[in-house]
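All values derive from a computational prediction rather than experimental measurement.
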Amino acid sequence: MLVVGFLLAFSAVGGPRAAGTAPGLQLLYILPSFPPHDPASLGQRLAGTSTGAALLVAAEALLLAEPNPSGYEERAARAARVAARCARCLATPPYTLTGEDREAAREAVQGLRPLHVPEAVRPAGPGRRERALAHTGLATRTLLSRLAGLRTDRDEADTAVTAVLRAVAELGEATAGCLRSGPSPVAPYQALVEARARLSAVSAGPFPGTAPAQAFPAAVLRRHAAVLEVADAALAMGVAADLAVHGRHARVPVPPGRFWYATM
């Protein structure tokens, strides 16, 4: 009785659903075991325990059923698709986000905040996949916030900036597919790494069309820095999502430091 009682009580660490059922299961185990010592009534006690457990399951499933919230993976996948749409809008004329896009980004950010995620689906465990899933949500929220505050020029078509934003959009779509049990977003991740490196090299070079060579104006450098921050958030999102879905079998290269839990 001590072992079974402890296990039933300890099962509450599995989340609120297990915590709600544990007291009933504990009582259904303890009550039929009470004295007096009467071996002849064993059948009745087992029948009562079985009937009570069946009724408890039926009550939980039918009478006291709660709406089944969408999982955190699905929330993160929807947010990644919103980020992809925002990046695509910023990479094509008129190079700006509409009010509807900004509202969708804001709602996606709020939907990933732990305060607005039901405890039953909140990634709060110590394991690699839970940590990676929480990291995915944080990186996606950061990406959406960066995109919502990004400003691009209307004459920046076919530049290193729009190349990075297109790569961010592709990685966002691939990340959403990965979170829905799809393949690792290896190719879009590498494409964004290369686009980010090109933008960084362009930003460090001379301003085109100036003689003698001059550095980029401060406003352009600030815009480049903002786009590089967008790329960094998207890369972190892709790595974390791959770790959350595939664990040790993740194929996206894991940079050192930030993803310390990947090899623990």
Side-chain angles (χ1 to χ4, degrees), residues 79-110 112 135-176 185-241 252-259:
R81 286 194 181 279
V82 172
R85 185 169 69 248
C86 291
R88 197 171 291 111
C89 289
L90 291 169
T92 55
Y95 307 108
T96 187
L97 296 180
T98 64
E100 182 180 353
D101 293 329
R102 297 182 191 278
E103 181 62 21
R106 188 192 68 80
E107 291 179 357
V109 169
Q110 293 299 322
L112 288 175
H135 198 164
T136 303
L138 176 61
T140 307
R141 286 163 48 195
T142 303
L143 174 60
L144 286 166
S145 299
R146 300 291 189 200
L147 288 170
L150 189 63
R151 298 292 185 271
T152 57
D153 281 351
R154 293 179 180 272
D155 59 350
E156 270 194 303
D158 300 326
T159 64
V161 168
T162 53
V164 169
L165 292 174
R166 290 193 187 99
V168 168
E170 294 297 327
L171 182 56
E173 293 287 352
T175 299
V186 180
Y189 179 87
Q190 293 294 349
L192 180 54
V193 170
E194 295 171 2
R196 187 199 183 284
R198 287 194 296 270
L199 175 59
S200 182
V202 168
S203 184
F207 187 66
T210 59
Q214 299 179 3
F216 279 88
V220 177
L221 290 177
R222 282 194 294 269
R223 187 164 60 249
H224 287 182
V227 175
L228 291 175
E229 288 182 344
V230 167
D232 289 338
L235 291 172
M237 176 188 69
V239 175
V252 173
V254 179
R258 186 184 300 182
F259 299 91

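Residue Arg223 holds its CZ atom at 10.5 Å from OG of Ser203, rounded to the nearest 0.5 Å. Remark: Leu199 CG to Thr162 OG1 distance equals 9.5 Å, nearest 0.5 Å. Here the CZ atom belonging to Arg88 is positioned 6.0 Å from the CD atom belonging to Glu170, to the nearest 0.5 angstrom. Between Arg166 atom CZ and Thr92 atom OG1 the span is 8.0 Å, to the nearest 0.5 Å. For the atom pair CD (Glu103) and CG (Leu97), the distance works out to 12.5 Å, reported to the nearest 0.5 Å. Distance check, rounded to the nearest 0.5 Å: CD of Glu229 to OG of Ser145 gives 11.5 Å.
Side-chain contact between Arg85 and Leu147: absent, with no pair of heavy atoms (C-beta onward) separated by less than 4.5 Å. You'll find the side chain of Val168 reaches within 4.5 Å of the side chain of Leu143, heavy atoms only. Counting only heavy atoms from C-beta outward, the side chains of Pro255 and Val239 approach each other to under 4.5 Å. Taking 4.5 Å as the limit, some side-chain heavy atom of Leu235 sits within range of a side-chain heavy atom of Arg196.
When all heavy atoms are compared, the tightest approach of Ala226 to Leu150 is CB-CD1, 3.6 Å. Contact between Pro185 and Gly238 at its shortest, heavy atoms only, is CG-O, 4.2 Å. In plain terms, the two heavy atoms of Ala79 and Leu112 that are nearest each other are CB-CD1, 3.6 Å. For the residue pair Ala241 and Thr175, the shortest heavy atom distance occurs at CB-CG2, 3.5 Å. Between Ala234 and Leu171, the shortest heavy-atom contact is O-CD2, 3.3 Å. Scanning all heavy atoms of the two residues, the minimum distance from Leu165 to Leu90 falls at CD1-O, 3.6 Å.
With sequence neighbours excluded, the residues forming a ring pair (Phe, Tyr, Trp, His ring centres under 6.0 Å) with Phe216 are Phe207, His224, listed by chain and number. With sequence neighbours excluded, no residue forms a side chain to side chain contact (heavy atoms under 4.5 Å, CB included) with Ala191.
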Assess whether side chain to side chain contact (heavy atoms under 4.5 Å, CB included) is satisfied between Glu194 and Arg198, documenting all intermediate values. CA-CA 6 Å; Glu194 295 171 2; Arg198 287 194 296 270; 3.9 Å; yes
